[in-house]
Enquirer: 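One structure, as C-alpha cells, below. Some questions next.
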Amino acid sequence: DLEAHHERVLEGSEKELWQFKCIVRPLEGESDAQPYISGLIEDLQKKGLAYESDGALVVDIAQEGDAKEYPPCIVRKSDGAALYATSDLATIIEREQDFHPDRYIYVVDKRQELHFIQVFRVAKKAGIVKEDTPMIFLGFGTMNGKDGKPFKTREGGVMRLENLIRDIDEEMYHKIMDNHEIDPEEARATAKIVGLSAIKYGDLSNQASKDYVFDLDRFTSFEGNTGPYILYTIVRIKSILNKYQQAGNSLEGISIHKA
C-alpha cells in the first residue's frame, strides 16, 4: 500500500545518505505533519490572520520596510487542499512541541527562497515561533547537466542519488580496468571509494549557492582538480614515503611545507 511504499522510500533515502556519512534523525516526511494542519488553519482564522481570496485562504506577509512586494502566503487552496506552505507550518508546530528549537536552519534549493520567506513570516506572525527565534534560509544551487538544466536521467526524470552513485561507480570501474591490470573484484571495491570521492569533491568544490554543471567525464578524471586526482596524489605520496622507510629512513620530524 501507499504507507508501505513511503516507508521503503525513507529506508532507501537513509541508506543512500549513509554512504556520505550523513545521519538523518528524525527522518520524517510531509505526512507526519498532517495531524497538525486542521488546528493550524483554525488558529490562523481565529486570530484573524487568514482570509479568503478568490476562494483560497491566505495570510498577508508584507512588512513595513520591504524592498519589494511579497505576495500573500496561501495556506489552503480553493478546493480545500493543503499546500507545501501548510505542511511546513504544521511541521514547525510539531517541532516546537517536541524540540523547542532555539533556531531553525533550512538548507533547501535556492529557488524556494520566496516560499520560506512566506512560511517564516506566517510562523512568527501567528506566534508559532517566538519573534526573536532565528529562522534561516540557506539556499543551494542546482546540479545541472551539460545543457545547463537541472540534472536528469536519460528518460528525463529526476536523477536519484542511488542511480548517480551507480553511474559514477561504473565509470570509475571501466577507467580502472582500462588502465591497470587488477582483479575485477578489487577494481569494483576501489571504484566505489574513488567514485564517492568524485561525487563529494565535485559537489563541495563548487560554491554551495551557485549552480554548477555535473560533467561525468570531468568529475571522474584522474587529472585536474578532481576527487580521483586528489586520491591518486595521496596514494603516490604514501608510496614514496613507504619506499623512504623501507630504505631504512625514519619519518619522525618530517614536516610538510607549502610549495
Side-chain angles (χ1 to χ4, degrees), residues 1-10 13 26-101 103-142 144 149-152 155-160 209 211:
D1 61 5
L2 187 60
E3 188 173 341
H5 178 68
H6 179 246
E7 289 299 320
R8 285 196 296 272
V9 169
L10 290 180
S13 299
L27 190 60
E28 295 179 343
E30 187 180 331
S31 59
D32 292 285
Q34 193 66 33
Y36 299 87
I37 289 178
S38 59
L40 164 67
I41 297 296
E42 185 179 343
D43 185 54
L44 291 174
Q45 289 177 311
K46 279 185 178 180
K47 290 176 177 175
L49 299 176
Y51 64 94
E52 281 199 14
S53 175
D54 295 328
L57 199 65
V58 304
V59 178
D60 286 328
I61 65 158
Q63 295 177 355
E64 188 177 346
D66 282 343
K68 61 181 180 180
E69 187 175 342
Y70 289 111
C73 178
I74 304 174
V75 293
R76 190 178 67 195
K77 293 169 64 177
S78 57
D79 61 3
L83 295 96
Y84 285 127
T86 328
S87 298
D88 284 331
L89 286 165
T91 299
I92 292 172
I93 293 174
E94 182 182 20
R95 286 170 180 160
E96 283 291 325
Q97 291 182 3
D98 294 346
F99 306 113
H100 311 293
R103 71 179 56 210
Y104 288 83
I105 301 175
Y106 284 73
V107 184
V108 192
D109 185 334
K110 65 181 181 181
R111 293 172 295 181
Q112 300 296 319
E113 183 176 14
L114 173 59
H115 167 78
F116 283 101
I117 287 174
Q118 293 176 315
V119 169
F120 294 166
R121 289 191 177 187
V122 173
K124 291 194 174 184
K125 194 172 184 178
I128 299 170
V129 175
K130 293 178 180 178
E131 188 61 40
D132 60 353
T133 299
M135 301 190 82
I136 303 162
F137 173 81
L138 294 179
F140 58 79
T142 56
N144 299 331
K149 297 178 181 178
F151 203 52
K152 295 183 181 296
E155 294 74 30
V158 175
M159 174 64 78
R160 288 180 57 86
S209 61
D211 300 339

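No hydrogens, no waters, no symmetry mates; every other heavy atom, side chains included, goes into these values.
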Enquirer: With rounding to the nearest 0.5 Å, note down the distance linking NZ in K46 to CG in L44.
Expert: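 Result: 12.0 Å between the selected atoms.
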Enquirer: Using salt bridge (Lys or Arg N to Asp or Glu O under 4.0 Å) as the criterion, list what pairs up with D66, not counting sequence neighbours.
Expert: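 Salt bridge (Lys or Arg N to Asp or Glu O under 4.0 Å) check on D66 returns R121.
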Enquirer: Under a 4.5 Å cut-off applied to non-hydrogen side-chain atoms, are T142 and R111 in contact?
Expert: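 When only atoms from C-beta onward are counted, R111 and T142 do touch, with a gap below 4.5 Å.
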Enquirer: Any idea which heavy atoms bring A81 and D79 closest together, and the distance?
Expert: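 Nearest pair, atom of A81 first, then D79: N-OD1, 3.0 Å.
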Enquirer: Restricting to side-chain contact (heavy atoms from CB on, under 4.5 Å), what partner residues turn up for Q97, sequence neighbours left out?
Expert: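 Q97 satisfies side-chain contact (heavy atoms from CB on, under 4.5 Å) with Y36, I93 once adjacent residues are dropped.
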Enquirer: Suppose we screen for side-chain contact (heavy atoms from CB on, under 4.5 Å). Which residues come up paired with P71, at least two apart in sequence or across chains?
Expert: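 In terms of side-chain contact (heavy atoms from CB on, under 4.5 Å), with neighbours along the sequence ignored, P71 is linked to L114, Q118.
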Enquirer: Is a side-chain donor or acceptor of D60 paired with a backbone partner of A62 at a separation under 3.5 angstrom?
Expert: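 Flag not set: sc D60 to bb A62 has no pair under 3.5 Å.
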Enquirer: Where do T91 and A33 come nearest, in terms of heavy atoms and distance?
Expert: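 Heavy atoms only, the tightest pair is OG1-CB, 3.3 Å.
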Enquirer: Can you run down the ring-ring contact (aromatic ring centres under 6.0 Å, His included) pairs that involve residues 113-142, sequence neighbours left out, and say none if there aren't any?
Expert: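 Applying ring-ring contact (aromatic ring centres under 6.0 Å, His included) to every pair that reaches into residues 113-142, excluding sequence neighbours, yields Y106-F116, Y106-F120, F116-F120, F116-F137.
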Enquirer: Please name the residue in the list I117, L89, I92 that meets the side chain to side chain contact (heavy atoms under 4.5 Å, CB included) test with V122.
Expert: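 Exactly one candidate clears the test, L89.
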Enquirer: Please identify each residue that fulfils salt bridge (Lys or Arg N to Asp or Glu O under 4.0 Å) with K77, with sequence neighbours left out.
Expert: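 None.
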Enquirer: Identify the heavy atoms of C73 and I61 that sit nearest to each other, and give their distance.
Expert: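 Nearest heavy atoms, C73 then I61: CB-CG2, 4.1 Å.
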Enquirer: Quick test of your reading: applying salt bridge (charged side-chain N to carboxylate O under 4.0 Å, His left out), list the pairs with at least one residue in residues 123-132, sequence neighbours left out, ordered by first then second residue.
Expert: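 Qualifying pairs, neighbours excluded: none.
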Enquirer: Atom CD of E52 and atom CG of L57: how far apart are they, to the nearest 0.5 Å?
Expert: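 These two atoms lie 6.5 Å from each other.
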Enquirer: Got a sec, which residues hit side-chain contact (heavy atoms from CB on, under 4.5 Å) with I74, two or more places apart in sequence or on another chain?
Expert: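 Residues passing side-chain contact (heavy atoms from CB on, under 4.5 Å) with I74: A56, V58, L83.
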Enquirer: Would you please name every residue forming a salt bridge (Lys or Arg N to Asp or Glu O under 4.0 Å) with K47, sequence neighbours left out?
Expert: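 Once residues adjacent in sequence are excluded, the partners of K47 under the salt bridge (Lys or Arg N to Asp or Glu O under 4.0 Å) criterion are D43.
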Enquirer: List for me each residue that meets salt bridge (Lys or Arg N to Asp or Glu O under 4.0 Å) alongside D211, sequence neighbours excluded, and say none if there are none.
Expert: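 In terms of salt bridge (Lys or Arg N to Asp or Glu O under 4.0 Å), with neighbours along the sequence ignored, D211 is linked to K110.
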Enquirer: Scan residues 39-86 for pairs that pass ring-ring contact (aromatic ring centres under 6.0 Å, His included), counting only residues two or more places apart or in two chains.
Expert: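 Sorted result for residues 39-86: empty, none.
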Enquirer: Give me each pair satisfying salt bridge (charged side-chain N to carboxylate O under 4.0 Å, His left out) with a member in residues 87-96, each pair once, sequence neighbours excluded.
Expert: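 Applying salt bridge (charged side-chain N to carboxylate O under 4.0 Å, His left out) to every pair that reaches into residues 87-96, excluding sequence neighbours, yields nothing.
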Enquirer: Just to verify, what does S38 make a side-chain contact (heavy atoms from CB on, under 4.5 Å) with, not counting sequence neighbours?
Expert: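 Expected list: none.
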